[in-house]
Each structure stands twice: as structure tokens, then as C-alpha cells.
Number of protein chains: 2
Amino acid sequence: MNRTATAAGPPECARRLIQLGIRPTPQRVQIAALLLSAPQHLSAEQILAALRSSGTRVSKATVYNTLNLFAARGLIRQLSVDGSRAWFDSNTAVHYHFHDTDSGMLIDVPVPEVEFSRLPSPPPGMEVAGIDLVIRLRRKSDTDR
Amino acid sequence: MNRTATAAGPPECARRLIQLGIRPTPQRVQIAALLLSAPQHLSAEQILAALRSSGTRVSKATVYNTLNLFAARGLIRQLSVDGSRAWFDSNTAVHYHFHDTDSGMLIDVPVPEVEFSRLPSPPPGMEVAGIDLVIRLRRKSDTDR
DNA sequence: TTCCTTGCAAAACTTTTGCATTAAA
DNA sequence: TTTAATGCAAAAGTTTTGCAAGGAA
């Protein structure tokens, strides 16, 4: 089973939604097609703007409802890298992120590029549900080069 | 120089604010004293409530202004572990976190408990400003034990 | 018919801002 | 006297909710 985002047209998206038990309404299929067209990070507002400018009729509430639904079913992943807004990541494979502090841009870091030689054991009765790693970047200052 | 939060009364807090070039007004000293009384994670609203219930007269705007100021000067650290609100961490030493997905609670993970044997190099012209690691926890389900 | 989905507006929540007032250097 | 900090309320930004209307099963 392919868990990473791959280019997918609306028909393929509709199929994937059905697999997840999600009724493939036009709005949902459009949102899925946009997100899954490539591995990327989009905000709710960006998705709303993109859909509307491409002629899709959709409301803000539906965008949020749909994104939350997709995230709950594991089709996408919600990220909290800065406090200002949520980012929705179409790459659901386990991976990490670079975060450019200046521009706010996110860049995927594939799993093989990070290796933990030591991790703490979770408290009793708890288990690890996932690991979020954000490597914060800043522009090199001229004096440092 | 001690960079970790340590129990500190108002006089010691005032001294520390002055060191950082921050004028030690009563509100600022109270907020610092609350946060630095122990390593902990507090939200702006929690801080406002705690100060008011202890008799300190302070406004919401001042709490936010002060927390942002403290974070900018490195006295505390702002965390984005869930999208809903900012958490302010009085432990400014480099460290990581456990995050209990159910309760929302945060637990510090000291640096020695995590070891990276491999990390990606930053893109050209960029340097690493910091690493945020959040280990998300969930209650072990009964069937798993 | 029955259930689910959508859209719209309003509400809720967190955080920031404008501005008059107050306090400190 | 001059600058900086505070408080209040309003504004701004993001996300959620209530509810009527529409559409699919």
C-alpha cells in the first residue's frame, strides 16, 4: 500500500476516498486532488483560495470540515510548526521537516536522513504514537561564512 | 551561567530581568516569578488566571506583551505543540518534549536521553537554529498490554 | 424518507493593536 | 520632562458551530 502522496487525478482521488469510507463529494474530491497532486504543505486558506480561483464552488466551513476529516482518516497529516495556523501535509509517510524561520517555508526531511541512536522510553502505560521533528533554519549571517 | 529555570523569588527575578535589559515592573516580575518558580509549561491564559487569583492586577495585553518580550530575550521559550494555543516553557536549556495526546500534557525530555547518529545538512546558505522534537504519546490500549 | 453534506453567518478562541492613562527614569 | 509600560476595548486572524437547504442513498 502506498502511503505517500502521489500525483493523482480526481478519479483516483475519488477511489481513495471510498477506500477510506469517505463519500466522494465534488468538494472533497477537489480538495484531495489539490493536496495529493504532489507532496506539499498547504494551509486551509490556501486551499480555499486555490479551489475558488480554479472555479470550484466551496465554503470555508467545508474546507475545514474536509481537512479535519481527511486528517482523522489518515489521508493527510496536520502540522503545528508555528502557532499562527495549521499546515496540512499530503505526505503521510513518516518523515520530518526543515522549517525556514524567516520565510515560514517547510521542507520535507526523509526518514533515512535522521537516525536516533537513543530515545527515551515512554512513561508507564504510555506508548509512542509518533515523533515530530522540526529542524529550524535561519539564513547564515554574512559574518559566519 | 545558569540557563535553566530555577526556583526564584521576586527579588531574584527582578535582578534577572535587569540583566536582560528588561525594566522590572511589578507585572513583569510577577510573571517571571510564576514561570521561573519551576520548569513548567504554561499558557497565557493560565498565567493571567494565576496572577489574578493571587491578587496581582494585570491585563491580558500585558501578559501577552510580557511573554513575547521574555521569549524574545531568551528568558523563556515559546512552544507550538498543538495548534490551539502557545505554551511558554520556563526551561530554556536545550531539551525535548513528550506530549500526551489525550491530556495535552507536556513532559520535558532532557538532552542526554536523545541521541542523533545522523542529521541532514541544512540547505546551502542556511544554518540550524534549533531542533524541536516532540514525542507524541498515547495511552496503551488494553489489548496491547 | 432518511441520512449526510454543504454553505452561510455567527460564534468562539487566541493573539495583537490603538490609544488614553499611569508610572518610571 | 520624556520615555516606557499598563489597561481596556476593539480588532484581527484562525477555526468551529448552528442551522436551513440541498443532494445522495
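Here is the naming used below: chain letters follow the sequence lines, and residue numbers restart at 1 for every chain. Atoms considered below: every heavy atom in the structure, side chains included; atoms not considered: hydrogens, waters and symmetry mates.
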(message) Pick the closest DNA chain C nucleotide for B/Arg23 and for B/Ala44 by heavy atoms, then say which residue is nearer the 5' end.
(response) B/Ala44
(request) Rounded to the nearest angstrom, tell me the gap between atom CG in B/Leu48 and atom C1' in C/dC13. (result) 14 Å
(request) Using atom CG of B/Asp82 as one end and atom P of D/dT16 as the other, report the distance to the nearest whole Å. (result) 12 Å
(request) Using modelled atom types only, decide if a donor and an acceptor are shared between the side chain of A/Gln40 and the backbone of A/Leu34 within a distance under 3.5 Å. (result) yes
(request) Return no unless some side-chain N or O of A/Arg85 is found under 4.0 Å from OP1 or OP2 of C/dT14. (result) no
(request) Could you state the atom-to-atom distance from CZ of A/Arg28 to P of C/dG7 in whole Å? (result) 11 Å
(message) I'd like to know if the side chain of B/Arg77 reaches the main chain of B/Ser90, judged simply by a donor and an acceptor atom lying under 3.5 Å from each other, with no hydrogens or angles considered.
(response) no
(message) Expressed as a whole number of angstroms, how long is the span from B/Lys60:NZ to D/dA11:P?
(response) 15 Å
(request) Would you please confirm or rule out a distance under 4.0 Å between OP1 or OP2 of D/dT6 and any side-chain N or O of B/Thr25? (result) yes
(message) OP1 or OP2 of D/dT6 versus the side-chain N and O atoms of B/Asn65: is any pair under 4.0 Å?
(response) no
(request) Please state whether the phosphate of C/dG7, meaning OP1 or OP2, lies under 4.0 angstrom from any side-chain nitrogen or oxygen of A/Thr62. (result) yes
(message) For a quick check under 3.5 Å, do B/His97 and B/Asp89 share a side-chain donor-acceptor pair by atom type?
(response) yes
(message) Show the nearest heavy-atom pair for residues B/Ala129 and A/Arg138, with the distance to one decimal.
(response) CB-NH1, 3.8 Å
(message) Measuring to OP1 and OP2 of D/dT16, would you say a side-chain N or O of A/Tyr64 lies under 4.0 angstrom away?
(response) no
(message) What is the distance, to the nearest angstrom, from the CD1 atom on A/Ile31 to the C1' atom on C/dT6?
(response) 11 Å
(request) Rounded to the nearest angstrom, tell me the gap between atom CZ in B/Arg57 and atom P in C/dT22. (result) 10 Å
(message) Using a 4.0 Å heavy-atom cut-off, does B/Glu45 contact any base of the nucleic acid, only the sugar-phosphate backbone, or nothing at all?
(response) nothing
(request) Can you tell me the distance, in whole Å, between the CG atom of B/Leu42 and the C1' atom of C/dT15? (result) 17 Å
(request) Specify whether A/Phe116 and B/Phe116 have parallel, tilted or perpendicular ring planes, treating 30° as the upper limit for parallel and 60° as the lower limit for perpendicular. (result) tilted
(request) Map B/Thr66 and A/Ala61 onto DNA chain D by nearest heavy atom, then report which one ends up closer to the 5' terminus. (result) B/Thr66
(message) Any side-chain N or O of A/Gln27 below 4.0 angstrom from OP1/OP2 of C/dG7?
(response) yes
(request) Name the nucleic acid region contacted by B/Ser43, choosing base, sugar-phosphate or nothing; use a 4.0 angstrom heavy-atom cut-off, strictly under. (result) nothing
(request) Nearest whole angstrom, please: distance from the C1' of C/dT14 to the CD1 of B/Ile47. (result) 14 Å
(message) Closest approach to the side chain of B/Val58, judged atom by atom: which nucleotide of C/dT15, C/dT6, D/dG7 is it?
(response) D/dG7
